Amino acid sequence: MELQAAIGPGTEVAEGARGCVLQVPGNCSGLFPPGAARFSCKENIVRKEPVQVNSLVVIKAMSEQELPGLLILDIGGTYGVQENIVALLKKHFCLITMKEFLANKKEMSKKIQSVFVSECRPTVDQELLESLPNLKVIGNSGVGVDHLNLKMISNFGVKVTNTPHAVADSTADIGMALMLASARRLVEGSQIAISPHTKYFAVDWLGVEVSRATLGIIGMGRIGYKVAQRARAFDMKILYHNRKQRRKEEEQAVGAHYCEKMEDLLQQSDFVMLVVNLTPETHKMIGKKELGLMKPTATLINIGRGALIDQDALVEALQNNIIRAAALDVTYPEPLPRDHPLLKLNNIIITPHIGTATVQAVQMMAEEAIANMLAVLNGQPIPSEVFPK
Ligand SMILES: O=CC(=O)O
């Protein structure tokens, strides 16, 4: 391998260059671990102030073609990667779209070492895994990996990573937004306000207050905790249930009460929020029985995955006022067929799985996924690896 450049303290490298750090003598591992960081100059090296290394860093310049191949579904469009994220990925990878891969499978299949996915598509199936002999990592942009067959993927010696940090705030925000919107009948209110035929306010048209109400969080993980932090500012009484692990530190920090039995939480809460991963154990964890335990004035909010709820039971509960309302960011399937009974109810709000659909979250998810994938390719500790159960 030809050495292209050596940089030391104060070195500036031309903008736009790409490279790979081959060797870092001395103590500067925080900056460029040996053999590790692939960089493009804009982000790592070009600085106006001296580069903070105390000894020589040897780099090899790399062309885009030499960067590890990353398969993405497409650029732009409904399921493709947005242009700004493409630019981010291109700093570290040679991007190959599914179309390019399918058009030239023989050559491309050897090149691809990573696949970048979200819960949209492509589904990484056995056929795709079989055709990618050098695949090392599937970088999921998002926290939920229920769309991936982890066992099968791991049988191919391929790692899966996710982005739990990047999604936490935006997903907690959508939980709060749904709770407030449902409580204060925001969607109906908006329709009344913009309808040309409305009588402006009807006396029987009242919402309920979130302030000082009881919120039951099912799943106090990273997102659930962020929801609890927000709920605290509304003076809510916070209950939570975790199937596996009581979270005493978080409990104390937000003044939450642990319910060992989910039934207790369901019976006491004004708002029940689902913040759990979809696994075989949590599939349809809220069904007829659980809905029947909730207060008739309570609202069910789902920011996890649609299949956590038995939707037929939910339709029945909402039609018969077993519970007051539901607010769902997730359903199954997504989108729901246009004639689905949930879409005919007026005590429901449904959003199209937008928990992480913010400019900031999308960028952070891509950055977290890139860090994960590079760690796998460079043989470094992987920040967020997901293991088959
Ligand atoms: O649904 C969003 C995610 O899994 O991050």
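All of these numbers come straight from a predicted model, not from anything done at the bench. Whatever order the structure lists them in is the order used to number ligands and atoms, beginning at 1.
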Test of proximity, Gly142 against ligand 1: N or O pairs below 3.5 Å =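 No, there is no polar N/O contact under 3.5 Å.
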Ignoring angles and geometry beyond distance, decide whether Thr356 reaches within less than 3.5 Å of ligand 1 through its nitrogen or oxygen atoms.
->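 No, there is no polar N/O contact under 3.5 Å.
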Under 4.0 Å between a Lys/Arg side-chain N and an Asp/Glu carboxylate O for Glu209 and Arg212?
->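 Yes, Glu209 and Arg212 are salt-bridged.
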Side-chain donor-acceptor contact under 3.5 Å, Asn242 with Gln245 = no
Which ligand 1 atoms are under 4.0 Å away from a heavy-atom of His353?
->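 What qualifies from ligand 1 is 1 (O), 2 (C).
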Does Thr163 use its side chain to pair, donor to acceptor, with the backbone of Ala369 at less than 3.5 Å?
->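 Pair absent, no side-chain N/O of Thr163 close to backbone of Ala369.
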Expected output: side-chain Asp270 to main-chain Thr214 donor-acceptor under 3.5 Å =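 Such a contact is found between Asp270 side chain and Thr214 backbone.
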Can you pull out the closest protein heavy atom to atom 5 (O) of ligand 1? Residue, atom name and distance to 0.1 Å, please.
-> Val143 N, 2.7 Å
Within reach of ligand 1, part of Val167 (heavy-atom separation under 4.0 Å) |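 For Val167, only side-chain atoms sit under 4.0 Å from ligand 1.
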Met365 contact mode with ligand 1 (heavy-atom cut-off under 4.0 Å) |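 The answer is neither.
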Quick one: sort the Tyr258 and His241 rings into parallel, tilted or perpendicular, breaks at 30° and 60°.
-> parallel
